[in-house]
Amino acid sequence: MKINMDIWLYMVTWNVATRHPEEDLAEMLGFGTSGKHKVQERLPDIFAIGLQEVKSQPQNILMDAIFDDPWTNAYRDVLARWDYVKVKTIRLQGLLLSLFCLRKHLLHLRDIETQYTRTGLGGMWGNKGAVTIRLSIYGCSVCLVNCHLTPHDHLLQERIADYNNIIKSQLFRAKETSNIFFHDYVFWIGDMNFRLVDGYSAEEIDHLIRKGELMRLLDKDQLLQVMSSGEAFSELSEQLPTFPPTYKFEFHSSRYDLKRRPSWTDRILYKVNANVYENLTLQAEQVSYRSVEEYVQSDHKPVIGEFIIKVFSDYYERVVEFLPFELWYVDEENSASYTLSGDVQPTLWDWIGVFKDGFTSLDDYLCYVYAARSTVSGNSNCRVKKVDFPDTAVREVGPYRLLYFSHNSGSVLGMSEAFEVCRRDNGQLTQFVCRDSY
């Protein structure tokens, strides 16, 4: 295999201070009136959005367990306009990490897995900690960590302990990438809460920021110091921030709240295991690292990091292909046939979901059946299966798709072409026109 394909990752970290979405998020994602994506031919392939301090009272957590939380929905509404699909969300109280990708990449994401670590109250409470999504993208393993570490200037050792607890506690099923740092690419984002060591008052820091003397402040940055000493985050790299400290601001303002000393609490770090493949070198090029000062609803500013990573362009494995469809009808039993490539190892818990065409989340299935209910024919190299769906599967005419989900890999192995569902009236088709499916 050759590495000659670039994937553009767009990452956001933002402490939203328990507020609900109030501002238009399109500008933050590059799609606003001054958004750069509009003047570029290419769009980011993947968005990873990490939030901290999402409102997490008991009634919010209960509702968000059933439906997407307001923040995920707000980002999803923006990204859906550009044909992005929400792949996965993981939440630990106020910590939230969501992954979106362009629809064309869905079948090239594999082995999706999540983990979380509580570090609040000695590991008993999830108000602080980390949430993680790991997956393979075109054959390269990627681990995305969103964290919220212990606050306050004087609790540096607690932040170091949080970091070490996270890397020790998070283990994954994939043998070659059982640890965070065993992945080809690692991106660690979040409100890390590192402050400036003693030496400047809040007013002095504000004065230096106004003068543009950020390097004098970065010399006092706790995170850079512990990375240098090897106490924490030394496995990762960071492009030196050229933006002002992102905390703490007065709400609905870009003025610092000088009751706290301004600090770079919100960061994006990364690691590349460059030489894990013979005669091939992996690479992550960081093309942007910035804060977005226009957003004022929180006491933190959001931080953006963009990376171009190298992956295998000709990577191919574990595929399910749906055969051409017969007509489907509303309120009737319908069926579909599909084939599995020889390397697909189905389990009892694999399932096939019915989605409306244009779905914007992998959670949007209308109905599903377990693939184990399929009838089998064919040889071991090309297995043909037929699966039946109940008469309750679809209740409206229109275009739909089927998706095959692997329980073991937590990913989509196959997606049908769009097909129309029609309605029969007294044994005759209505005048609704059905498209052929392919």
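Each residue takes its place number in the sequence, starting with 1.
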For the pair D350 (side chain) and A371 (backbone), establish whether a donor and an acceptor sit closer than 3.5 Å, ignoring hydrogens and angles.
no
F194/W264 aromatic ring centres below 6.0 Å:
no
Are a donor atom and an acceptor atom from the side chains of D184 and Y277 found within less than 3.5 Å of each other?
yes
How far does CG of L362 sit from NZ of K86, to the nearest 0.5 angstrom?
8.5 Å
Hey, can you pull the donor-acceptor pairs under 3.5 Å for the side chains in residues 215-223, sequence neighbours left out?
| from | atom 1 | to | atom 2 | distance (Å) |
| --- | --- | --- | --- | --- |
| R216 | NH1 | E213 | OE1 | 2.8 |
| R216 | NH2 | Y200 | OH | 3.4 |
| D221 | OD1 | R267 | NH1 | 3.0 |
| D221 | OD2 | L223 | N | 3.3 |
| D221 | OD2 | L224 | N | 2.9 |
| D221 | OD2 | R267 | NH1 | 3.4 |
| D221 | OD2 | R267 | NH2 | 3.0 |
| Q222 | OE1 | R159 | NH2 | 2.8 |
| Q222 | OE1 | R195 | N | 3.0 |
| Q222 | NE2 | D153 | O | 3.2 |

Can you establish whether the number of heavy atoms outside E321 located under 6.0 Å from its atom CD is more than 12?
no
Do the ring centers of Y84 and F47 come within less than 6.0 Å of each other?
yes
Suppose we screen for side-chain hydrogen bond (donor to acceptor under 3.5 Å, both in side chains). Which residues come up paired with S411, at least two apart in sequence or across chains?
S409
Using a strict threshold of under 4.0 Å (side-chain N to carboxylate O), is an ion pair present between E235 and K271?
no
Is it true that T265 and N193 share a donor-acceptor pair across their side chains at a distance under 3.5 Å?
no
Is it true that a side-chain atom of E231 and a backbone atom of V226 form a donor plus acceptor pair closer than 3.5 Å?
no
Looking at E306 and R290, is any side-chain nitrogen of the basic one under 4.0 Å from a carboxylate oxygen of the acidic one?
yes
Can you list the residues that meet the side-chain contact (heavy atoms from CB on, under 4.5 Å) rule with F182, with sequence neighbours excluded?
S178, N179
Quick one: does Q286's side chain have a donor or acceptor within less than 3.5 Å of a partner on S288's backbone?
yes
From CA spacing to verdict: side-chain contact (heavy atoms from CB on, under 4.5 Å), D198, R261:
CA-CA 10 Å; D198 292 336; R261 297 192 309 143; 3.9 Å; yes
On a heavy-atom basis, which atom in L149 and which in M192 lie closest, and how many Å separate them?
CB-O, 3.4 Å
Spacing of SG belonging to C101 relative to CG belonging to L135, to within rounding of 0.5 Å:
9.0 Å
Can any side-chain N or O of S254 pair as donor or acceptor with the backbone N or O of E293 at less than 3.5 Å?
yes
Return yes if a side-chain donor-acceptor contact under 3.5 Å exists between R19 and S298, otherwise no.
no
Please confirm whether the backbone N or O of E113 pairs with a side-chain atom of R173, one donor and one acceptor, at under 3.5 Å?
no
Rounded at 0.5 Å granularity, tell me how far CG in D299 sits from NZ in K248.
5.0 Å
Can you measure from CD (Q239) to OG1 (T242) and round to the nearest 0.5 angstrom?
7.0 Å
Begin with the C-alpha distance, continue with both residues' side-chain angles, and end with the deciding distance and a verdict on side-chain contact (heavy atoms from CB on, under 4.5 Å) for I352 and F389.
CA-CA 10 Å; I352 301 170; F389 291 82; 3.8 Å; yes
Ignoring hydrogens and geometry beyond distance, is a side-chain donor-acceptor pair present between H105 and D45 at under 3.5 Å?
yes
Is a side-chain N or O of N165 found less than 3.5 angstrom from the main chain of A161, in a donor-acceptor match?
yes
According to salt bridge (charged side-chain N to carboxylate O under 4.0 Å, His left out), who are the partners of R76, at least two apart in sequence or on a separate chain?
D68, D364
Checking Q52, E158, H148 against K128 for side-chain contact (heavy atoms from CB on, under 4.5 Å), the one that qualifies is H148
Can the ring centroids of Y270 and W188 be said to lie less than 6.0 angstrom from one another?
no
Determine the interplanar angle of the F181 and Y163 rings, folded into 0 to 90°, and report it as parallel if under 30°, tilted if 30 to 60°, perpendicular if over 60°.
tilted
Is the terminal nitrogen or CZ of K301 (NZ for Lys, CZ for Arg) located under 6.0 angstrom from the six-membered ring centre of F249 and within 45° of that ring's axis?
yes
Would you compute the distance between atom OH of Y256 and atom OG1 of T246 and round it to the nearest 0.5 angstrom?
7.5 Å
At their closest point, which heavy atom of F322 faces which heavy atom of M415, and how far apart are they?
CD1-C, 3.9 Å
Just do the side-chain contact (heavy atoms from CB on, under 4.5 Å) check on H183 and L144 with the steps written out, would you?
CA-CA 10 Å; H183 290 77; L144 306 162; over 6 Å; no
Polar side chain donor-acceptor pair, S416 to Y404, under 3.5 angstrom:
no
Let me confirm one number: the CD1-CG distance from I304 to D266, rounded to the nearest 0.5 Å.
11.0 Å
Does the cation-pi check pass for R91 over Y116, that is, NZ or CZ under 6.0 Å from the six-membered ring centre and within 45° of its axis?
no
Of the non-hydrogen atoms in D191 and N15, which two are nearest, and what is the gap between them?
OD2-ND2, 2.9 Å
Going by the rule ring-ring contact (aromatic ring centres under 6.0 Å, His included), which residues pair with Y365 if we only count those two or more places apart in sequence or in a different chain?
W351, Y368
Taking ring-ring contact (aromatic ring centres under 6.0 Å, His included) as the definition, give me every residue that meets it alongside F187, ordered by chain and number, with sequence neighbours left out.
F307
Locate the shortest heavy-atom distance separating A17 from F251; write the atom from each residue and the value.
CB-CE2, 3.8 Å
Do other residues, nucleotides or ligands put more than 12 heavy atoms under 6.0 Å from the CD atom of E176?
no
Strictly distance-based, threshold 3.5 Å: is any side-chain N or O of D69 a donor or acceptor partner for the main-chain N or O of T72?
yes
Quick one: closest heavy-atom pair of P262 and I209, and the distance?
CB-CD1, 4.1 Å
Return yes if a side-chain donor-acceptor contact under 3.5 Å exists between Q170 and T117, otherwise no.
yes
Could you check whether R110 makes a cation-pi contact with Y138, meaning its NZ or CZ is under 6.0 Å from the centre of the six-membered ring and within 45° of the ring axis?
no
W71 and V54: which non-hydrogen atoms are nearest, and at how many Å?
CD1-CG1, 4.1 Å
